[in-house]
Colleague: 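Mind having a look at this structure? Questions to follow.
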Amino acid sequence: MPEYKGSEIRNVAVVGHGASGKTSLVDALAFVSGASKRHGSVKDGTALTDTAPEEIERGYSINLGCAYAEWMGAKINLIDTPGYLDFEGDAIAGLAAADGALCVVSATAGVEVGTERMFREAVKRGDPVLFVASMMDKEHASFDAVYDQIRERLTNKVIPVEVPIGEGPDFHGIINLFSKKAHLYKQGVKGGNYDEVDIPAELQPVFDKYYEQLIETIAATDDDLLERYLEGGELTRDDAVTAMKEAMKRMELFPLFCVSSELNYGTQAVLSTIVELMPSAWEMEELHAFKGAEGDHTVEVHATDDAPFAALVFKTMTEPHVGEVTYFRIFSGQVENGAELFNATRDGVEKLNHLSVSQGKDRTEVPMLHAGDIGCVAKLRNTHTNDTLSTRGHPVRLPQIMFPESVLQMAVHAVARADEEKLQAGLHHLHDEDPTFEMHYNAETHETIVSGIGERHLEVTLGKLKRKYGVDAELTKPSIAYRETIRATADGQGRHKKQSGGRGQFGDCWVRFLPRPRGAGYEFVNKIVGGSIPSKFIPAVDKGIQEAAVRGVLAGYPLVDFQVELYDGSFHTVDSNEMSFKMAGILGFKAVAPKCKPVLLEPLDELEIVTPDEYLGDVLGDLSARRGHILGTDTTPDGPRVRAVIPQAELHLYASALQSMTQGRATFTRHFHGYEEVPGETAQKVISEASREHEEALAH
Ligand SMILES: Nc1nc2c(ncn2[C@@H]2O[C@H](COP(=O)(O)OP(=O)(O)O)[C@@H](O)[C@H]2O)c(=O)[nH]1
Ligand SMILES: [Mg+2]
């Protein structure tokens with residue numbers, strides 16, 4: 001492979017809804033360019049970028065995948081991304097590594113929620129976007145429907161640059177408006193070859209209509225062009241392409257193309273278009289103006305070879321027989337095979353052995369990669385997604401990818417008890433690979449909690465756990481970390497006395513319990529005067545009460561937010577010791593706590609939900625059915641935003657429920673809010689459930 005410099009590199013993320021044809025398109029583009037030897041297929045599991053067993057088994061992309069095409073002297077890095085919401089993290093990482101997006105829309109399914117989400121995401125990042133109507137050969141394919149839906153649901157700045165000749169089974173050619181030629185494909189020839197002919201007479205009216213619209217639209221983006229156009233001057237192809245490219249950078253135009261990846265129709269034109277219309281990795285600087293951090297300074301990052309090296313790790317993936325493979329995008333400087341680099345994020349040195357580029361799962365070792373390129377390397381020591389690789393001399397940290405929040409939580413257990421340790425280690429590895437998969441241990445409920453974007457995400461991750469780490473694990477509904485507190489003040493005695501032959505035990509205390517505000521915690525106040533308990537035994541009383549409070553008196557949940565005053569007691573000069581006073585504290589707790597009107601507390605989360613307007617009523621209704629308390633609503637560019645506080649007990653699988661309620665179009669974040677009293681009827685249920693479980697446990 002020749003060496004490519006930044007100006008010869010295009011980095012495009014291929015995004016869109018699941019099953020819109022992204023993986024097939026990436027495969028076809030790499031194949032038709034000659035960079036990949038075989039035209040693979042998603043159906044038989046041979047597509048370039050769907051190589052993980054879970055992808056082949058399920059028939060859709062889960063991980064982003066890197067491939068490339070070499071075309072017109074340029075190297076096009078193609079980042080295939082998953083389209084389903086549960087795996088959106090990798091799609092966002094793909095966009096972060098790219099300088100532009102190919103947004104694929106199925107000519108049969110049209111604009112779907114994944115199209116919408118990824119188009120928005122690309123626009124938010126300021127990336128040029130090129131639309132591709134895919135699967136033009138499929139029964140019921142309609143180019144106009146795709147065009148209309150993009151205009152209605154995504155942007156009215158979309159403009160067709162190609163028009164299909166025939167649709168569905170009759171799809172056999174494409175009119176290119178820029179070249180004013182028609183490409184006619186030969187049936188049964190799969191190399192993407194075509195005859196280039198003048199526009200056939202019967203298609204002239206179609207051409208005229210779309211051509212005029214295209215040229216007018218392009219002219220309108222540039223004052224000089226518009227003047228020339230209005231004065232009756234012709235725009236040359238070069239004029240049109242240049243103006244289109246500039247308008248795309250400003251997100252004023254989004255061209256629309258059409259292909260059939262299966263038949264390889266239209267793929268060569270898409271390659272040429274990427275080279276001509278997408279900014280090079282070198283040009284992306286003016287688009288993104290990258291800045292990084294060096295120590296606590298902000299530094300500028302330049303996409304030139306002589307600038308210090310800085311590359312962002314946008315994906316790590318464990319591959320069979322290889323170990324961990326690290327994919328990085330070079331934002332600045334160049335790097336040689338075998339170079340020693342510095343991971344400023346983790347403060348560690350890494351050596352790049354076998355610097356490579358990847359064509360799906362095949363990797364080709366290269367001597368050097370230049371600013372703007374995408375590369376990969378296996379077996380780094382301690383480098384993970386979102387780290388920056390740079391040099392010791394300039395330890396830069398690039399801005400990190402903002403991954404979607406992991407909002408769906410489940411408890412996880414190893415099926416075999418003996419696997420518990422392996423489970424923990426495996427989960428940690430999986431988190432390093434996938435930042436949208438998180439885990440933590442809940443010390444109150446003694447459960448390991450995993451969180452992800454959706455149910456499918458967690459299931460797939462457990463599948464990986466089994467395959468890669470040999471641990472069979474299952475997901476269950478997480479237990480709720482209820483707590484108890486008191487609402488009234490009461491006092492009483494805890495007296496421990498034991499006479500057993502020789503030296504006995506004696507401890508005696510009088511304590512008063514008082515409620516404290518929510519979240520204030522526990523407080524112990526010593527009010528002993530006159531030495532009724534020697535001061536050396538007083539901490540033991542405190543300790544005894546704290547120990548007893550771990551199991552409250554209502555349902556066995558920890559008792560919190562109360563104050564204990566120790567105000568009297570007595571002791572025995574021989575029999576009293578620390579142990580006896582700790583026992584006295586425990587007995588004091590048992591005597592007093594039940595008299596203080598104990599109540600049950602439950603954890604609540606605060607949610608922020610952004611939903612399209614048409615679902616707002618349903619979302620609000622559902623929240624109130626979940627005992628939610630609405631804090632307020634306001635508006636955002638993506639629709640109304642609702643802030644609400646909801647008991648965790650009512651939030652099990654909320655992510656899934658919200659998605660099905662809103663056709664996958666709402667998003668939300670959640671974070672812990674605090675504890676509040678459980679209302680009477682619900683509390684009764686929890687209490688009787690707890691005592692039933694307690695009895696069961698005792699019976700065993
Ligand atoms: N007829 C036809 N089917 C296609 C074409 N492109 C993709 N498909 C099929 O559509 C399904 C989804 O394609 P895939 O590339 O996996 O979509 P992705 O989920 O967006 O990556 C697969 O079964 C493909 O074989 C096409 O151009 N024509
Ligand atoms: Mg795919």
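We count ligands from 1, going down the list as the structure has it; atoms in each ligand are counted the same way.
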Colleague: Considering only protein heavy atoms, which is closest to atom 17 (O) of ligand 1, and at what distance to one decimal place?
Modeller: Gly21 N, 2.9 Å

Colleague: Do Asp387 and Phe328 touch side chain to side chain, with heavy atoms closer than 4.5 Å?
Modeller: no

Colleague: Between Tyr60 and Tyr84, does a ring pair (Phe, Tyr, Trp, His ring centres under 6.0 Å) hold up when you go through it step by step?
Modeller: CA-CA 9 Å; Tyr60 57 77; Tyr84 293 111; 5.0 Å; yes

Colleague: Under the ring pair (Phe, Tyr, Trp, His ring centres under 6.0 Å) rule, collect the residues that match up with Phe257, sequence neighbours excluded.
Modeller: none

Colleague: I'd like to know if the side chain of Ser134 and the backbone of Gly21 have a donor-acceptor N/O pair within less than 3.5 Å.
Modeller: no

Colleague: To check your reading of the model: name the closest protein heavy atom to atom 3 (N) of ligand 1, its residue, and the distance in Å.
Modeller: Glu262 OE1, 3.3 Å

Colleague: Looking at Gly83, is its backbone amide N or carbonyl O close enough to the side chain of His17 to form a donor-acceptor pair, meaning the two atoms are under 3.5 Å apart?
Modeller: no

Colleague: Please verify whether a non-hydrogen atom of Gly83 lies at under 4.0 Å from ligand 1.
Modeller: no

Colleague: State whether Phe254 and Lys157 meet the cation-pi test: NZ (Lys) or CZ (Arg) under 6.0 Å from the six-membered ring centroid, and within 45° of the perpendicular axis.
Modeller: no

Colleague: Considering only heavy atoms of His17, which atoms of ligand 1 have at least one such atom less than 4.0 Å away?
Modeller: 20 (O)

Colleague: For ligand 1, which atoms, with element, lie under 4.0 Å from some heavy atom of Lys138?
Modeller: 1 (N)

Colleague: Is there side-chain contact between Asp618 and Thr662, with heavy atoms separated by less than 4.5 Å?
Modeller: no

Colleague: May I ask whether Ser261 has any heavy atom positioned less than 4.0 angstrom from an atom of ligand 1?
Modeller: yes

Colleague: How close does the nearest protein non-hydrogen atom get to atom 10 (O) of ligand 1, and which residue and atom is it?
Modeller: Met135 CE, 3.4 Å

Colleague: Between Tyr327 and Arg329, is there a cation-pi geometry (under 6.0 Å to ring centre, at most 45° from the normal)?
Modeller: no

Colleague: Has Arg153 got a side-chain atom pairing as donor or acceptor with Val111's backbone, closer than 3.5 angstrom?
Modeller: yes

Colleague: Report the part of Asp137 (side chain from C-beta onward, or backbone N, CA, C, O) that has a heavy atom under 4.0 Å from ligand 1; answer both or neither where that applies.
Modeller: side chain

Colleague: Distance check below 2.8 Å: does Tyr60 bring an N, O or S atom to the Mg ion (ligand 2)?
Modeller: no

Colleague: Non-hydrogen atoms of Ser41 versus ligand 1: any pair closer than 4.0 Å?
Modeller: no

Colleague: Show the atoms of ligand 1 that are less than 4.0 angstrom away from any heavy atom in Thr23.
Modeller: 15 (O), 18 (P), 21 (O)

Colleague: Ring pair (Phe, Tyr, Trp, His ring centres under 6.0 Å), that's the test. Do Phe171 and Tyr185 meet it? Break it down for me.
Modeller: CA-CA 9 Å; Phe171 178 53; Tyr185 290 88; 7.3 Å; no

Colleague: Distance under 4.0 Å to a non-hydrogen atom of Gly18: what atoms of ligand 1 satisfy this?
Modeller: 19 (O)

Colleague: Short list, please: which atoms of ligand 1 are under 4.0 Å from a heavy atom of Ser24?
Modeller: 6 (N), 7 (C), 13 (O), 14 (P), 15 (O), 24 (C)

Colleague: Does Ser20 come within less than 4.0 angstrom of ligand 1, counting non-hydrogen atoms of the residue?
Modeller: yes

Colleague: Counting non-hydrogen protein atoms only, what is the nearest one to atom 12 (C) of ligand 1? Give residue, atom name and distance.
Modeller: Ala19 CA, 3.8 Å

Colleague: Measure from the Mg ion (ligand 2) to each N, O or S atom of Ser24 and report whether any distance is below 2.8 Å.
Modeller: no

